[in-house]
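Structure first, commentary second.
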Amino acid sequence: MESGAYGASLAGGAFDLIDFVKQPQTIMRFLSWIFSIVVFATITAEGYINPVTKKETECMFNNNDSACSYGVGIGVLAFLACVVFIILDAYFPQISNAKERKYIVVGDLVFSGAWSFLWFICFCVLANQWSKTPNRTDIASDAARAVVAFSFFSIVTWVLLTVFAYRRYHQGVSDFDQGYSDPANDNSAYPPTYPPYPSSGPEGYQQSPFTHSQEQPGDYQPPAY
């Protein structure tokens with residue numbers, strides 16, 4: 001297994017765009033991003049009709065405005081979340097602190113699990129309201145079916161994202177159980193501390209033997225020729 005924490009290698013490696021795009025988690029995020037656009041954009045553009053007998057627009061799903069509002073809200077939030085998590089996934093290998101990685105993985109796990117459940121509710125609500133819609137002559141039926149279908153597809157992608165996030169979390173816990181050392185708290189990488197350089201001379205140092213003779217010179221002796 002590659003050395004790292006929470007499913008990514010240790011910080012410091014170069015970012016490889018091709019490998020990042022090929023990751024299953026990245027592919028699921030892009031699909032979830034596209035599906036969310038289809039849902040909220042279709043409802044916004046074609047989900048509201050204006051009957052001849054009424055002045056105000058109504059939702060094409062059994063005239064239930066709450067169903068359209070719910071689909072738009074879930075889709076917009078899913079769209080924004082996918083953008084944020086794609087950025088975090090790209091930046092994730094550069095994070096050296098294991099606690100920060102844990103917070104990101106736990107947040108991904110909780111959000112993906114919650115949105116899987118919310119997309120399931122969205123699919124059930126829209127499918128139920130569409131089946132109860134009486135008059136479909138003035139309604140874009142293909143658009144309504146597309147919203148229901150891509151709501152179901154979103155359930156699949158977000159469930160897979162939940163599974164991927166759980167695997168990363170489980171791998172991170174296993175790494176710590178095997179003695180993973182957080183580089184941010186590891187002091188072994190720093191150089192050892194050396195004792196200070198002694199300012200005084202070595203012990204047992206004796207004064208120069210020429211000092212005494214220079215301070216007290218003897219009588220002058222002229223040279224002999």
Side-chain angles (χ1 to χ4, degrees), residues 1-41 69-126 150-190:
M1 181 178 61
E2 184 181 3
S3 177
Y6 294 100
S9 59
L10 296 178
F15 176 73
D16 192 340
L17 179 61
I18 298 178
D19 291 342
F20 174 73
V21 173
K22 290 181 178 180
Q23 292 179 2
Q25 180 173 329
T26 305
I27 296 175
M28 288 298 105
R29 290 213 194 278
F30 276 113
L31 290 177
S32 299
W33 180 68
I34 294 174
F35 295 165
S36 64
I37 294 177
V38 173
V39 172
F40 79 80
S69 299
Y70 183 83
V72 172
I74 294 299
V76 171
L77 292 178
F79 167 80
L80 297 176
C82 288
V83 174
V84 173
F85 280 113
I86 287 174
I87 296 174
L88 289 176
D89 288 342
Y91 183 68
F92 193 81
Q94 306 301 324
I95 301 176
S96 60
N97 194 324
K99 291 184 179 180
E100 294 180 359
R101 290 188 174 191
K102 180 181 179 181
Y103 296 150
I104 294 175
V105 172
V106 172
D108 184 13
L109 177 61
V110 173
F111 188 89
S112 298
W115 244 246
S116 300
F117 178 71
L118 293 178
W119 274 120
F120 175 76
I121 295 178
C122 183
F123 168 75
C124 294
V125 170
L126 295 179
F150 281 94
S151 298
F152 176 78
F153 297 155
S154 297
I155 300 173
V156 178
T157 56
W158 282 97
V159 168
L160 291 176
L161 288 174
T162 305
V163 174
F164 294 150
Y166 176 77
R167 287 180 178 178
R168 288 204 299 175
Y169 177 78
H170 181 70
Q171 183 177 353
V173 174
S174 300
D175 291 338
F176 278 97
D177 292 339
Q178 294 175 4
Y180 169 78
S181 179
D182 189 354
N185 300 324
D186 188 6
N187 297 325
S188 61
Y190 295 94

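Values below: every heavy atom of this structure, side chains too, minus hydrogens, waters and symmetry copies. Here the structure is a predicted model, which is why all the values come from computation and not from measurement.
Looking at heavy atoms from C-beta onward, Tyr70 lies out of side-chain contact with Leu126 at the 4.5 angstrom threshold. Contact annotation: the side chain of Phe30 approaches that of Ile86 to within less than 4.5 Å [non-hydrogen atoms, C-beta and beyond]. Contact of the Phe35 side chain with the Leu31 side chain is registered, since non-hydrogen atoms from C-beta on lie closer than 4.5 Å. Residues Trp158 and Leu161 have side chains in contact (heavy-atom distance under 4.5 Å, counting atoms from C-beta outward). Using a 4.5 Å heavy-atom cutoff, the side chains of Phe164 and Asp108 are not in contact.
Partner Trp119 forms a side chain to side chain contact (heavy atoms under 4.5 Å, CB included) with one of Ser154, Cys124, Ser32 and no other, that one being Ser154.
To the nearest 0.5 Å, atom OG1 of residue Thr157 and atom CD1 of residue Ile27 are 12.5 Å apart. Atom-to-atom distance recorded for Gln25:CD and Ser112:OG is 8.0 Å, nearest 0.5 angstrom.
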Trp115 and Ile74: CA distance, side-chain angles, deciding distance, side-chain contact (heavy atoms from CB on, under 4.5 Å) verdict: CA-CA 8 Å; Trp115 244 246; Ile74 294 299; 3.8 Å; yes

For Phe153 and Phe150: C-alpha separation, side-chain torsions, deciding distance, then whether ring-ring contact (aromatic ring centres under 6.0 Å, His included) applies. CA-CA 5 Å; Phe153 297 155; Phe150 281 94; 5.4 Å; yes

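Here the shortest heavy-atom pairing between Cys122 and Gly71 reads SG-CA, 3.9 Å. Contact between Gly75 and Ser36 at its shortest, heavy atoms only, is O-CB, 3.4 Å. Scanning all heavy atoms of the two residues, the minimum distance from Arg101 to Pro93 falls at NH2-O, 3.3 Å. The shortest heavy-atom contact between Ile95 and Ile104 is CD1-CD1, 3.4 Å. Minimum heavy-atom separation, Ile155 to Phe123: CD1-CB, 3.9 Å.
Because its NZ or CZ atom is both nearer than 6.0 Å to the ring centre of Phe92 and within 45° of the ring axis, Arg168 counts as a cation-pi partner of that residue.
Under the 3.5 Å distance criterion, the side-chain polar atoms of Thr162 are matched with a main-chain donor or acceptor of Gly113. Side-chain atoms of Ser116 come within 3.5 Å of backbone atoms of Val159 as a donor-acceptor pair (strictly under, hydrogens ignored).
Atom CZ of Phe152 has 12 or fewer neighbouring heavy atoms from other residues, nucleotides or ligands inside a 6.0 Å radius.
Relative ring orientation between Trp33 and Phe79 is described as parallel, the plane-to-plane angle staying below 30° on a 0-90° scale split at 30° and 60°.
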